[in-house]
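Inspection log for the structure reproduced underneath, given as structure tokens.
Please read all numbers here as calculations on a predicted model, not as lab measurements.
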Amino acid sequence: MPTDETEQDRLDLHHEIFLQLLDGKLHIAPIKNPHRILDVGTGTGIWAIDMADSHPAAEVIGTDLSPIQPVWTPPNLKFEVDDAEQVWTFKPDSFDFIHVRNLYQAIGNWPHVLSQIYRCTTPGGYVELAELGGKLMSDDGTMAEDNPMKRAFDLCHYHAMASIGRPPATAEDLKEKLETAGFVDVKVHTYKQVYGPWPKDQRLKRIGAMALLMCETGIEAYALLALTKILKMDPKEAKQICDDAVAATKNKNMHMYSLFFVAYGKKPENVSE
């Protein structure tokens, strides 16, 4: 994934879309008065900044491979350059809440990452995974099987990424991963992320309009590298697939959406050593 200014703007826009999907909430895990919060793969740091502002008494840490976060931040927030797939240096039982968003296909070893998350979560604390699914859908038959947006989604997620062991997220898989890691009371909530301002519902219409803007750079950011490096596609052909997908999202007669999953679980209160 690129980390230039255009991509950072897209990530911030996607953060706003996620907020709209969750009715303005930064999370849905039922945390209360957290003391320490960790945002894994913080990106531009926008979620961590909002979380630090919302919980001024908590210490918030955001980690990422790229140091693209702003210098001016709330006093209770700090950013660290770190690789989530390495052994974590945080102490056991040190975070009341650990948040992970949009990292599903970026992580190659989820059992390891979740074992580190489990180790570093306080007993009774929560982890939340928020991920977009890779399947493009329509409920009213307006999206044909050869729809260019669907083609780009399928090639990227189910051909390229799946071929290297990184398929897209599903509700069932998120739940299974959290339970296998040892978390209990696991819940998964599913939301529709629409593409384009076609819904009659005003909130979804706003989300769709923002998603349309995001797609102008997001489709290429996600798909181009996967198509050329993994599927060995000619760069011109791959670029055309991305361009055709963007054009398809602007057709108001095509009512397309994908699913956004938010899964959370609790570390048991009484953990046996």
Side-chain angles (χ1 to χ4, degrees), residues 10-30 43 46-47 50 99-106 128-158 161-162 166-178 186-223 242 244-265:
R10 188 192 67 79
L11 290 172
D12 286 348
L13 177 60
H14 211 175
H15 171 73
E16 183 59 34
I17 291 173
F18 291 143
L19 278 182
Q20 292 287 325
L21 286 171
L22 300 183
D23 291 320
K25 298 189 287 271
L26 289 165
H27 59 87
I28 60 172
I46 191 168
W47 183 91
D50 285 354
H99 175 259
V100 184
R101 187 174 73 184
N102 270 10
L103 283 189
Y104 197 79
Q105 290 176 297
E128 182 169 293
L129 309 180
E131 297 291 342
L132 273 176
K135 186 177 181 181
L136 195 65
M137 292 173 280
S138 175
D139 293 334
D140 58 8
T142 57
M143 182 187 71
E145 278 300 309
D146 61 353
N147 179 284
M149 178 74 158
K150 184 178 186 302
R151 184 187 182 206
F153 260 60
D154 289 350
L155 284 171
C156 179
H157 295 298
Y158 294 103
M161 298 306 294
R166 300 189 184 196
T170 65
E172 296 77 16
D173 196 43
L174 290 172
K175 186 173 189 293
E176 181 185 0
K177 278 179 166 52
L178 289 176
V186 175
K187 303 287 190 300
V188 184
H189 294 247
T190 302
Y191 306 85
K192 284 185 178 181
Q193 180 179 288
V194 300
Y195 297 94
W198 55 264
K200 293 181 180 179
D201 178 86
Q202 290 302 308
R203 183 179 67 90
L204 286 177
K205 187 181 289 290
R206 287 194 302 273
I207 290 170
M210 287 190 290
L212 191 64
L213 258 178
M214 183 191 67
C215 283
E216 290 186 357
T217 58
I219 293 173
E220 187 170 315
Y222 273 102
C242 294
D244 290 346
V246 171
T249 64
K250 297 177 181 179
N251 187 336
K252 292 184 179 180
N253 295 319
M254 298 179 186
H255 303 162
M256 302 177 289
Y257 68 90
S258 59
L259 297 178
F260 176 52
F261 308 109
V262 182
Y264 66 83

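Using modelled atom types and a 3.5 Å distance limit, the side chains of S138 and D140 yield a donor-acceptor pair.
R206 places a side-chain heavy atom less than 4.5 Å from the side chain of Q20. No side-chain heavy atom of M161 sits under 4.5 Å from any side-chain heavy atom of P167. For the pair M137 and M256, the minimum side-chain heavy-atom distance is 4.5 Å or more. You'll find the side chain of Y264 stays beyond 4.5 Å of the side chain of V186, heavy atoms only. Between L13 and L213, the closest side-chain pair of non-hydrogen atoms falls below 4.5 Å. Here the side chains of C156 and D154 are not in contact, with every heavy-atom distance at 4.5 Å or above. Residues L178 and L129 are in side-chain contact: their nearest non-hydrogen atoms beyond the backbone lie under 4.5 Å apart. Side-chain contact between Y158 and K135 is present, with heavy atoms from C-beta onward closer than 4.5 Å.
One distance of note links CG of L174 with CD of E172; it measures 9.0 Å at 0.5 Å rounding. To the nearest 0.5 Å, the span separating CD1 on I28 from CG on L21 amounts to 11.0 Å. Residue Y257 holds its OH atom at 6.0 Å from CG of L259, rounded to the nearest 0.5 Å. To the nearest 0.5 angstrom, N251 atom CG is 12.5 Å from M143 atom CE. With values rounded to the nearest 0.5 angstrom, D244 atom CG is found 11.0 Å from T249 atom OG1. A distance of 11.0 Å separates CD of E216 from CE of M214, quoted to the nearest 0.5 Å.
Put simply, the side chain of K205 gets close to the backbone of P197: a donor and an acceptor are under 3.5 Å apart. Side-chain N or O atoms of E131 include one that pairs as donor or acceptor with a backbone N or O of L103 at under 3.5 Å. A donor-acceptor contact shorter than 3.5 Å links the side chain of T142 to the backbone of H255. At least one donor-acceptor pair closer than 3.5 Å links the side chain of Q105 to the backbone N or O of R166.
For W47 and H15, the gap between ring centers reaches or exceeds 6.0 Å.
The shortest non-hydrogen separation linking V246 to C215 is CG2-O, 3.4 Å.
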In residues 187-194, what donor-acceptor pairs under 3.5 Å come from side-chain atoms, sequence neighbours left out?
| unit_1 | atom_1 | unit_2 | atom_2 | d |
| --- | --- | --- | --- | --- |
| K192 | NZ | D139 | OD2 | 2.5 |
| Q193 | OE1 | H14 | NE2 | 3.0 |
| Q193 | NE2 | Y195 | OH | 3.1 |

